[in-house]
Amino acid sequence: MPRSPFSYANIASTLALVITVGGGGVAVAAAVADNSVGTRQIKNLGVGRVDLARGAVDGRKVRDRSLTGVDVRDGTLTGADIDERSLVLPPASSNAVIRGGEPSGSGALAPSGTGMDVASLTFDAPADGVALVTVQAVFKAVDAGAGHLNVQVHDGDSDRFSCNWDAGDAGDGYDQHQSCSGVVPVAAGRHTYTLRITENQQPVRRASLVHGAQVLVVFQPGATQ
């Protein structure tokens, strides 16, 4: 009888080779111990989002200061997510400075055509900036048909702005409240704003009465006109 070319040893060795090549992955996987795969065993860029379980990455897994604004979706942060103690407010020096001069008492204006200083305010600007200067007063016309009042606001010898007021109607009381404002540049240092009123009557009559004339200043450091 012819002898078979296949022996038990040949069959056994061939089967072992097939199992080693084809089923080796199963054997290796079964042989990996828990927590034995680390960063050195993972190929760079080998792990994607699909490999991470939902909620597996939290703040403890993210390196401090590694996230920026582009990593945060718009509208996902609210006031409840922000520690108010971490907010930095503007320095107090950037806030407006408000000053008000004492209102004047009652008195008559100078004769027609002559300017009269009726109120002033002096303040020290801590820095360059701008000021909103407001002047106001209440009037009583002594004669019917009194003319208009020319108003000028000076800072020292400099004329800052002007306007025209009405002295009101002749009567028993002060019935005409007037005011005007102007925005002026301010340099650091002391400033004195003066309200000057000139009454214009044609022909010249008795001067109108003025009461409660006042200068108010709102100064904003660092601003420009």
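Excluded from the calculations below are hydrogen atoms, water molecules and symmetry mates; all remaining heavy atoms, backbone and side chain alike, are included.
- From M116, atom CE reaches atom CG of L109 across 6.5 Å, with rounding to the nearest 0.5 Å.
- Closest approach of C180 and V151 over heavy atoms only: SG-CG1, 4.4 Å.
- Using modelled atom types, no side-chain atom of N200 and backbone atom of L149 make a donor-acceptor pair closer than 3.5 Å.
- Nearest approach of D166 to F139, heavy atoms of both residues: O-CD1, 4.3 Å.
- In this structure, T194 and S120 approach most closely via the heavy-atom pair OG1-CB, 3.9 Å.
- Shown here for A137 and V210, the closest heavy-atom pair between the two residues is CB-CG2, 3.9 Å.
- Between H191 and the options D124, T122, D155, a side-chain hydrogen bond (donor to acceptor under 3.5 Å, both in side chains) holds for only D155.
- Partners of R63 under the side-chain hydrogen bond (donor to acceptor under 3.5 Å, both in side chains) rule, at least two apart in sequence or in another chain, do not exist in this structure.
- Under the salt bridge (Lys or Arg N to Asp or Glu O under 4.0 Å) criterion, no residue pair touches residues 101-116, with sequence neighbours excluded.
- A single hydrophobic cluster is seen to contain both V118 and V217, as judged by linkage of ILVMFWY side chains at heavy-atom distances under 4.5 Å, directly or through other members.
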Audit row: F161, V183, side-chain contact (heavy atoms from CB on, under 4.5 Å) steps and yes/no: CA-CA 9 Å; F161 63 92; V183 177; over 6 Å; no

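- Rounding to the nearest 0.5 Å gives a distance of 10.5 Å between CD of E199 and OG1 of T114.
- Contact detail for F219 and P126: the closest heavy-atom pair is CE2-CD, 3.5 Å.
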Distance-only check: which donor-acceptor pairs under 3.5 Å involve side-chain atoms of residues 129-136, not counting sequence neighbours?
from : atom 1 : to   : atom 2 : distance (Å)
T134 : OG1    : S181 : OG     : 2.8
Q136 : NE2    : Q214 : OE1    : 2.9

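- Scanning both residues, T198 and G115, for their nearest heavy atoms gives OG1-CA, 3.1 Å.
- Checked by atom type and distance alone, the side chain of S104 pairs as donor or acceptor with a backbone atom of A213 at under 3.5 Å.
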Can you check side chain to side chain donor-acceptor pair (under 3.5 Å) on S162 and Q152, steps first, answer last? CA-CA 4 Å; S162 61; Q152 292 179 312; 5.8 Å; no

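- Taking OG of S208 as the start and OH of Y174 as the end, the distance is 10.0 Å to the nearest 0.5 Å.
- If you chain together hydrophobic residues whose side chains sit under 4.5 Å apart, L216 and W165 never meet in one group.
- Aromatic ring orientation, Y193 versus F123: parallel (interplanar angle below 30°, classes split at 30° and 60°).
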